[in-house]
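Lettering follows sequence order; numbering is per chain, from 1.
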Number of protein chains: 2
Amino acid sequence: MSDRKAASKKRAAVIKALAHPSRLLIAEALMEGEMCVCDIKDLVAADMSTVSKHLSLMRAAGVLASEKHGLNIYYRLACDCFADFLGCLDQIAPRKPKTQSRSKTKSCC
Amino acid sequence: MSDRKAASKKRAAVIKALAHPSRLLIAEALMEGEMCVCDIKDLVAADMSTVSKHLSLMRAAGVLASEKHGLNIYYRLACDCFADFLGCLDQIAPRKPKTQSRSKTKSCC
DNA sequence: GAACTATTTGGCTATTTCGCCAAATACCCA
DNA sequence: TGGGTATTTGGCGAAATAGCCAAATAGTTC
């Protein structure tokens, strides 16, 4: 695979790491601060192994970092810049559907 | 599906719309200005129908808008905020792998 | 209106992703 | 060392996605 294509795929992988409802939820929660896997499991309400795989994927993409404290493993965002990332997302798809002040026509930016 | 879950899925869909090498390439190109489908087809070097489906998906997610001028249909970004979005991406996964000034260890933010 | 061009849609197969279960691993503490 | 807790990994079936071809559509020009 060409360098250019590999880079393109890597970049897409980073986005893919957030392109799933559960993973997006995790990323949003981690903006508040780090969490251990068991808490994240409660947050997304899925099987432990499913959550673990989501976290592994996100870490592999460079989106998350993890660290062990005592018995638990804590995950946190690897990058501060997600505020920008998610801010843009909010303009296109608001977090709370009912709170949308304007009409149904998507009025972005 | 609950409102909350639907919103979450919609938000993920927006990100998904960029989570593919070809679609990311298209979005990056459109930051320079609008393009017609045939030019985009040359850009991503794929079958016309494949490109069209990518574009439809991105428009459905609210990422792109389209307009007809003469014979051609022109697509453009529906939102200015992608600069932030992609700026964050650049911090995690640089556009050009070789130009990476630091060592291989990912030093984000 | 017929031929032509640009784009979209339908249908199909191949590939990838998802999420559960069960098993494995890692690590702490008695 | 051995039991216990937290997390990861392997495997599998189900669902979603990708990309090609062929056919349909829309709109233009003659």
- Do Glu34(A) and His69(A) have side chains that get closer than 4.5 Å, going by heavy atoms? yes
- Query: Given side chains that start at C-beta, do those of Glu67(B) and Arg76(B) come closer than 4.5 Å, heavy atoms only?
  - Reply: yes
- Output every pair passing ring-ring contact (aromatic ring centres under 6.0 Å, His included) with a member in residues 7-51 of chain B, not counting sequence neighbours, ordered by first then second residue. His20(B)-His54(B)
Could you state the interatomic distance from [atom1] ([X]) to [atom2] ([Y]), rounded to the nearest 0.5 Å?
{"X": "Lys68(A)", "Y": "Tyr74(A)", "atom1": "NZ", "atom2": "OH", "value": "11.5 Å"}
{"X": "Gln91(A)", "Y": "Phe85(B)", "atom1": "CD", "atom2": "CZ", "value": "11.5 Å"}
{"X": "Leu24(A)", "Y": "Leu89(A)", "atom1": "CG", "atom2": "CG", "value": "6.0 Å"}
{"X": "Leu64(B)", "Y": "Leu77(B)", "atom1": "CG", "atom2": "CG", "value": "6.0 Å"}
{"X": "Ser66(B)", "Y": "Met58(B)", "atom1": "OG", "atom2": "CE", "value": "12.0 Å"}

- Query: Does the side chain of His54(A) get closer than 4.0 angstrom to OP1 or OP2 of dT17(C) through an N or O atom?
  - Reply: no
What integer distance in Å separates [X]:[atom1] from [N]:[atom2]?
{"X": "Leu57(A)", "N": "dT16(C)", "atom1": "CG", "atom2": "C1'", "result": "12 Å"}
{"X": "Glu67(B)", "N": "dA26(D)", "atom1": "CD", "atom2": "C1'", "result": "17 Å"}
{"X": "Met35(A)", "N": "dT7(D)", "atom1": "CE", "atom2": "P", "result": "11 Å"}

Scan the side chains in residues 25-33 of chain B for donor-acceptor partners under 3.5 Å anywhere in the protein, sequence neighbours excluded, and list what turns up.
{"residue": "Glu28(B)", "atom": "OE2", "partner": "Arg11(A)", "partner atom": "NE", "Å": "3.4"}
{"residue": "Glu28(B)", "atom": "OE2", "partner": "Arg11(A)", "partner atom": "NH2", "Å": "2.6"}

- Listed by chain and number, what are the side-chain contact (heavy atoms from CB on, under 4.5 Å) partners of Leu57(B), not counting sequence neighbours? Ala17(B), Arg23(B)
- Message: Run the side-chain contact (heavy atoms from CB on, under 4.5 Å) test on Val51(B) and Leu43(B) for me, step by step, so that the C-alpha distance in whole Å, both residues' side-chain angles and the decisive distance to 0.1 Å come before the verdict.
- Response: CA-CA 10 Å; Val51(B) 172; Leu43(B) 176 72; over 6 Å; no
- Query: What string of B, S and - do you get for nucleotides 4-11 of chain C, 5' to 3', if B is base contact, S is sugar-phosphate-only contact and - is no contact with any protein heavy atom under 4.0 Å?
  - Reply: --SSBBBB
- One would report the end-axis bend of the helix from dG1(C)-dC30(D) to dA30(C)-dT1(D), five pairs per end and rounded to 10 degrees, as 30°
- Pairwise 5' ranking along DNA chain C for Asp47(A) and Gly70(A), keeping only the more 5' one: Asp47(A)
- Query: Near DNA chain C, which residues from residues 15-28 of chain B have a heavy atom under 4.0 Å away?
  - Reply: none
